[in-house]
Amino acid sequence: MDRVAKGEAVRVTQRVPVRTRPRAGLRAVFWAALVLAASARAQAPFSFDSTFGRLPKNVVPLHYAIAITPDVASSTIRGSESVLLDFRQATDTIVFNTLNEKLEHVLLDDEPASSVNAEDGSQRTTVMLSRPAPVGPHTLTFSYSGRIETRPQGLFAQPYTKSGGGEAQLISTQFEATDARRMFPCWDEPAFRATFELTATVPADWSAVSNMPVARRVVDGKLATITFQRTPKMPTYLLEFSAGDLVAITAQQGATRLSVWTVRGEEKNGATALANARAILGDYNEYFGTAYPLAKLDSIALPGGFSGAMENWGAITYNDQNLLVWPSSTVADRQNVFSIQAHEMAHQWYGDLVTMGWWDDIWLNESFASWMSAKETDLRNPDWNWWEAEDADKEAAMQADARASSHPIQIHVTDELQAESSFDEEITYNKGQAVLRMLEGYLGPDVFRDGIRRYMKAHAYSNATTVDLWNALSAASGRDVGHIAASWTSAAGFPLVSVESHCDGEGRRTIALSQKRFLLRGADAVPSHWNVPLRIRSGVDGVPQPVLLTQDGQSLEIGKCGDTLTVNAGSIGFYRVRYDEATLQTDTRQFSALPRADRISLLDDQWALVEAGSEPLASYLALASALGPRLEERAWAQITSALGTIEYAERARPEHDAFAQYARSVLAPLAAKLGWTSKLDETPGIRNLRRTVLKDLGSWGDEQILAEARQRFATFGKDRSTIAPDDQEAVLSIVAEHADDATFERLHALARSAADQTELRRYYTVLMHVRDPQLAAKAAHIVMSAEIPLQATSERLWLVMELAHEHPLLAWTTFTNNVDALIAPFPGFANLILSQSCPKALWDAAPPEELEAWIRAHVPAEMSDNVARGMETARFKLEEKKALAQAADDYFAAQPPRVPRSASDQIVAQRVHTAF
Ligand SMILES: [Zn+2]
């Protein structure tokens, strides 16, 4: 499933982690309505018979012919089905999945069944025959009735506001992981691959889309009956059907017809997605070495409701915010569109052509699509610096994985029905992606690609396990990849690599390396061990040297004393590094000369070590101050995020002003260099950096920045073209933070007059940034009011979380008072939101005991591990807030007196403003 939104979201990770991936985030774990056992099973290559599953394997579907007539007015489905079955043993019992369906006229080979027992509790139907049927092919036929859902699970209806006004509905499907059974009775487990021939009867003025091209369309009065061509062998969760007043724009790429489908009136906004799809398909055909096998690939933009994207084979569904580009869209929106398309299209191979045998291996499905998407996004958009941007996701994964309560990437799934899983975005998607990148770096990109090609060829139209992938990579590389990879996927956490340097009399340097698990708090109960693929660079111009760290005390001679040393060169590894004091001082002194990515890895690690309480704050601030006015967006995003975390901790303390002044002084040279106006040759990252810097300076009390933002907002009120869509959020947020009643009313009027969904989300988000408590209460009231349109109801949750930046208590009361309405748009993972996202975002709203008691009262007992994870984060953040405030106080108490605040501000302001 889906993937990332970046941009502005990156820098809030330290403060409100829940929104690291806005909109797309929670959808990303939609499939995860699964119960997972605490440890991974030993795994073997895929075999149908030994693959875990809940349905018996003695009767196997080969082909489904399904005919449905959905009636939106009555929310019902009438259907009939004919399933060609292979009886692998003689039996009188057939078991398959159903939910909320009533079967009639059940026949096997035209003979009536003796009984049909449907159980919605276990989501299974058992058909008993009057006598055992022999081994061989048999045909099961029946008619049935079912439901059209109101939420995105199974076949669902989606109401929306038409572009010309007025309301309409369309229907679409969302099946992963276990909701195909809501639309039609089936063997709803991924190892049961079969072919499908879908027929649907819908209003004649509707268009209909499914995995395959239309084979025939017969109109009878006001209804049309559409039959789609037969699919390849595939699992049920990849079947797709959408219908409504939909229109398409189309292009050809090689042998494949590409279309972007939208509701009528929006099709012009699909042009970017269509161009993206052409580029991505060409690249993937080449990379995978197996061409995309279907005649067409549709991308379907659904308005609202459904909040991510789903990789149905040949018919990918997207929330329209993740596929369409409006004139009001920002570069971050375009990046979001490209990277989500690249993720879903990677699944057409990894997931669709080759499917995991059981849900245990979903991590690799998602990690692989995420890694491939990052690689492709970087390839096609070199000026986006995409791998640097991905560093923020890696950091989010490391934050999560540095908790004692974290879990391995790979966990055995025992029951897909009862509750939400322990899988979360940070580990399942981000850590997995980072581990794959580290492996690719270790094996080399060509060898890694050859392994992937072997894997695709060997398992096409079939299933596979993680072991199958490691075996393919081992065959391609001649190394035991499983041996290296297993320590990363089967155990929680990651190593802190400690470095001790020694010099001989001639200045030659020897380093000794050791490892232990990195935890933000506490110690590892059971010592962990990893095989760590290091890349070590000595000297600022040195070529990284690959070293596999397998033993404690491992040593090597590298470079000269006095040269810089980077043990995670390029910031590719999923580990942290702690240097001995002398090496850290050398690296700090020459910080601005280090390669760019090495600077990022040093900043990331040193900040994490400060957070863990094992390095002094001063060691990090020395690096932050040493960067100078270099225009490096990721390094600065790291620094502004860390400074923002300290600023939050210092609020309402006597030293706050001293810190704010210090933080402004760190950004001042950069602000002076950037000015307010973007230049034609700037990358999107530099433009984003400018917005971040101005916004933080405004937030940290720079009066000149505030005055300029207010001036720009006043002009914007008269002429909306005066602030580019990309810059609106930053300028309006500065104004909103300091808003009075009249300004709030103007911002609210702006939100109400939003021209499209993109503006609507942007302007309502800005409204949540007000600092005045009474205005914040108004903002909270607005979020829950009817003025939020139908297709934006899922945004309410994010808006409430956004409010938590400035008003945690208000966010908490709004959340708890409206919890049912806020989580209703997220069926299947409400418990995950409550147990993990809620404490992560609202940690500062209530005492942890109160927070935990409320959460435990609202989730089932089997979510206990998830609650423990969420609460460990909440408690850590509370502790960290106290510790950082104390550390910052101590740091400033020890500093010499600074330039008086007003004078310093004037200097900063002059430098910023002369640079326009
Ligand atoms: Zn995915």
Side-chain angles (χ1 to χ4, degrees), residues 68-73 75 148 150 152 155-174 200-214 217-226 228 240-252 257-277 296-310 312 314-329 333 337 340-341 754-761 789-794:
I68 56 169
T69 305
D71 180 32
V72 176
S75 297
I148 298 178
T150 54
L155 179 68
F156 65 94
Q158 175 63 52
Y160 63 95
T161 306
K162 292 192 280 188
S163 59
E167 285 186 10
Q169 295 206 66
L170 56 77
I171 51 176
S172 186
T173 51
Q174 170 54 40
T201 301
V202 296
D205 56 356
W206 279 15
S207 297
V209 187
S210 184
N211 308 78
M212 300 299 289
V214 173
R217 177 185 175 99
V218 179
V219 177
D220 180 8
K222 290 188 169 172
L223 294 176
T225 296
I226 300 126
F228 298 94
E240 195 280 337
F241 176 66
S242 295
D245 188 13
L246 302 173
V247 285
I249 55 172
T250 295
Q252 191 73 22
R257 184 171 51 85
L258 293 166
S259 301
V260 173
W261 290 88
T262 70
V263 297
R264 186 174 300 281
E266 294 286 354
E267 59 272 24
K268 59 185 177 299
N269 301 316
T272 300
L274 190 62
N276 292 346
K296 62 96 177 170
L297 175 54
D298 291 325
S299 305
I300 306 155
L302 302 174
F306 175 111
S307 69
M310 175 65 212
N312 317 293
I316 306 171
T317 44
Y318 296 83
N319 176 296
D320 59 4
Q321 297 297 304
N322 295 329
L323 189 68
L324 304 185
V325 173
W326 286 265
S328 58
S329 295
D333 293 329
V337 165
I340 294 183
Q341 283 186 280
D756 55 46
Q757 295 297 310
T758 303
E759 287 192 353
L760 183 137
R761 283 159 170 81
L790 287 175
Q791 55 267 57
T793 49
S794 63

- Donor + acceptor pair across side chains of S172, Q174 (<3.5 Å): no
- Are V247 and W261 close enough that some pair of their side-chain heavy atoms sits under 4.5 Å apart? no
- Query: Going by atom types only, do N312 and T317 share a side-chain donor-acceptor pair under 3.5 Å?
  - Reply: yes
- Item | N269 side chain near T262 side chain, heavy-atom distance below 4.5 Å | no
- Query: Is there a side-chain contact between I68 and F241, using heavy atoms and a 4.5 Å cut-off?
  - Reply: yes
- Item | Heavy-atom closest contact (R761 atom, A792 atom, distance) | NH2-CA, 4.3 Å
- Please say which of D71, T225, D220 ends up in a side-chain hydrogen bond (donor to acceptor under 3.5 Å, both in side chains) with T201. T225
- Message: Distance check, rounded to the nearest 0.5 Å: D333 atom CG versus S328 atom OG?
- Response: 7.5 Å
- Query: What is the minimum heavy-atom distance between I148 and P70, and which atoms define it?
  - Reply: CD1-CB, 3.8 Å
- Query: Between W326 and D756, does any side-chain donor sit less than 3.5 Å from a side-chain acceptor?
  - Reply: no
- Approximate separation, where rounding is to 0.5 Å, of Q321 CD and S794 OG: 9.0 Å
- Message: Rounded to the nearest 0.5 Å, what separates atom CG in L302 from atom CE in M310?
- Response: 12.5 Å
- Check G244 against L170 and note the closest heavy-atom contact, atom names and distance. CA-CB, 4.2 Å
- Message: Rounded to the nearest 0.5 Å, what separates atom CH2 in W206 from atom NZ in K222?
- Response: 14.0 Å
- Item | Within-4.5 Å side-chain heavy-atom neighbours: I171 and Q158 | no
- Looking just at side-chain N and O atoms, do E240 and N211 make a donor-acceptor pair shorter than 3.5 Å? no
- Distance, nearest 0.5 Å, that separates OG of S242 from CZ of F156: 7.0 Å
- Query: Within a strict 4.5 Å, meaning less than it, do heavy atoms of the V263 and L246 side chains meet?
  - Reply: yes
- Message: So V337 and N322, do their side chains get closer than 4.5 Å, heavy atoms only?
- Response: no
- Message: For a 4.5 angstrom cut-off between non-hydrogen side-chain atoms, does E267 reach I249?
- Response: yes
- Note on the structure: P303 and D320 have their tightest heavy-atom pair at CA-OD2, 3.3 Å
- Task: May I ask you to decide if A273's main-chain N or O and Q341's side chain share a donor-acceptor pair within less than 3.5 Å?
- Result: yes
- Query: Taking all non-hydrogen atoms of both residues, which atom of G270 and which atom of L324 are closest, and how far apart?
  - Reply: CA-CD2, 3.8 Å
- Message: Are the side chains of I316 and Y318 in contact, using a 4.5 Å heavy-atom criterion?
- Response: yes
- Distance (rounded to the nearest 0.5 Å) between L274 CG and S259 OG: 7.5 Å
